Amino acid sequence: MFGYVRPALDKLDGENREKFQAAYCGLCHTLGRRYGLPARLFLNYDLAFLAMLLGKTCCQSPKHCVVHPIRKRPCACRSAALDAAADYSVILVWWQLQDGIADHGFWGGLKYRAASLLLRRAYRRARGNRPEFDGDTQALLARLSELERENCPIPDQPADCFARLLVRTAQGESDPERRRVLEHLLYHLGRWIYLVDAADDIKKDLRRGNYNPLALRFPHRDGVWTEESRLRLGQTLDQSIRQMASAFELADFGDYSDVIRSVVYEGLYLVGAAVLDGTFRQREKREKR
Amino acid sequence: MRDPYQVLGVSSSATDEEVKKAYRTLARKYHPDNYHDNPLADLAQERMKEINEAYETIQAQRKNHGSAYQGYQQGGSSGYSYGGSYGGAYGAYGTDSGYQRIRMAIQQGDLNLAEELLNARSDHDGEWYYLKGVVCYRRGWMDEAHRYYETAVQMNPDNAEYRHALDVMEGRQSAYQPDGYRAMTTAGCGSNTISRICGTLLCINCLTGGGWYCCC
């Protein structure tokens, strides 16, 4: 989960931008309340989007926080969905850090070890709250590392592991029909995030000799996609976005409907396009200069 | 049954034209083409049925209430009439009973059985590749599905079903867009897209994702 999920700017009015922001701040406050300050550092857009999918209602109250000390910001109130999203967030980030430690050598892994030290207490508490989700996450990420070791050339396979992991976050939904819809949406959200992340990392992975399923599957020149590959990769991303949109139309997403609509009908296309032509990462831009 | 006006999302004082417009929009949204081979197709079908019934009920009600609504002579057929093509027309292919069984399994959602039966076959013709593609598509393995569909079309270029699947995969079939949105593709977005993405919110650097967000 790296913060790829964004709404389209021009499709949201002030009220809806505020809702998006409130969900983000609400998740941040929930992380703080349940897990302390360190957990708040790991928050990102993808996790805020997850919170919006899981919770339909958006009651807001203005709040101060560390990063907004002077002006109060609208902030989503306490809810079971935010609590759940916070628990899942901590567990997901923790296992991603462990994966980072395993993937890197001593020096490269320092950053991950430091972060994981910071998050340890929070993780233990989250594991206590959601033992089942923790077990599932561990198993699916272990399968993912196995595929990485085997140098699996089929991107759908590792993407499936990550996708199924996100599907597990719908387990708290009691309405079976809504749960089915959520699971389908989350599967393709997970698939999309995994593939976009792999596309975004291609240059870094090639430099370090890391596994990258897309580099094995689609022709490229030094990490720059050929036109044919860009088209093909775009098509496979489009498919997942369409599946998300088709699921979105089949359930009620309450107050967050407009925000989610702008994500699944426009935002994800724009992010995917920026990733594929290398303009998404400002950091990379800096490196080029 | 729910209030038909509520189903269509209009007030009971809406004009015939407004009712018709609301109906058409919803019908486009839940059109079978948008849910072809989609695991949620049954839900879309239910929704479609509900919308059709609501529309017909409103028309019948208005017809019975005097002559003010005489403009509505076409009855339920004025809008869209959809067959049951949500799950795809499985079972219609050829005479090979093996493939018929596989199509049946796919239709019933038993993808493991379908895959097992497919893997047990040694003759890999167009139909085999197509059905492999459908199984992948249903699972969400879109890139694999794409590859299988492509091979199926190469082997049987005249088969309309295979071609349709490939067209959907390559974005040549128009999909539903809500009001205010236009049809998009990732590869067709062009450059300078980043400025159109919402990124105005946060200030905390994310350790795992790289701390590049800007403060605002």
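The structure displayed is predicted, hence computed values, not measured ones. Each chain gets a letter, A, B and so on, in the order the sequences are listed, and its residues count up from 1.
Using a 4.5 Å cut-off between heavy atoms, A/Q157 contacts chain B through both its backbone and its side chain. Both the backbone and the side chain of B/Y176 come within less than 4.5 Å of a heavy atom in chain A. Of the atoms belonging to A/R180, heavy atoms from both backbone and side chain fall under 4.5 Å from chain B. Both the backbone and the side chain of A/V181 come within contact range of chain B, each with at least one heavy atom under 4.5 Å from a heavy atom of that chain. A/L231 touches chain B through backbone and side chain together, each having a heavy atom under 4.5 Å away. In this structure, chain B has a heavy atom under 4.5 Å from the side chain of A/R232, while its backbone stays farther away. A/Y265 touches chain B through backbone and side chain together, each having a heavy atom under 4.5 Å away. Heavy atoms of B/N34 lying under 4.5 Å from chain A belong exclusively to its backbone. There is no contact between A/L233 and chain B, counting heavy-atom distances below 4.5 Å.
For B/N112, the side-chain hydrogen bond (donor to acceptor under 3.5 Å, both in side chains) criterion is met by B/R139, not counting sequence neighbours. Among residues two or more places apart in sequence or in another chain, the ring pair (Phe, Tyr, Trp, His ring centres under 6.0 Å) test is passed with A/F248 by A/F253.
When B/C136, B/P39, B/A175, B/A145 are compared by the number of non-hydrogen pairs under 4.5 Å with chain A, B/P39 comes out ahead.
By the 30° and 60° cut-offs, the orientation of the rings of A/Y4 relative to A/F280 is tilted.
No donor-acceptor pair under 3.5 Å is formed between the side chain of A/Y45 and the backbone N or O of A/P7.
The shortest distance between side-chain heavy atoms of B/Q61 and B/Y5 falls below 4.5 Å.
Relative to the six-membered ring of B/Y99, B/R121 meets both conditions, a distance below 6.0 Å and an angle of at most 45° to the axis.
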The test is salt bridge (Lys or Arg N to Asp or Glu O under 4.0 Å); show your working for A/D160 and A/R164 and say whether it passes. CA-CA 6 Å; A/D160 180 70; A/R164 274 166 36 205; 2.6 Å; yes
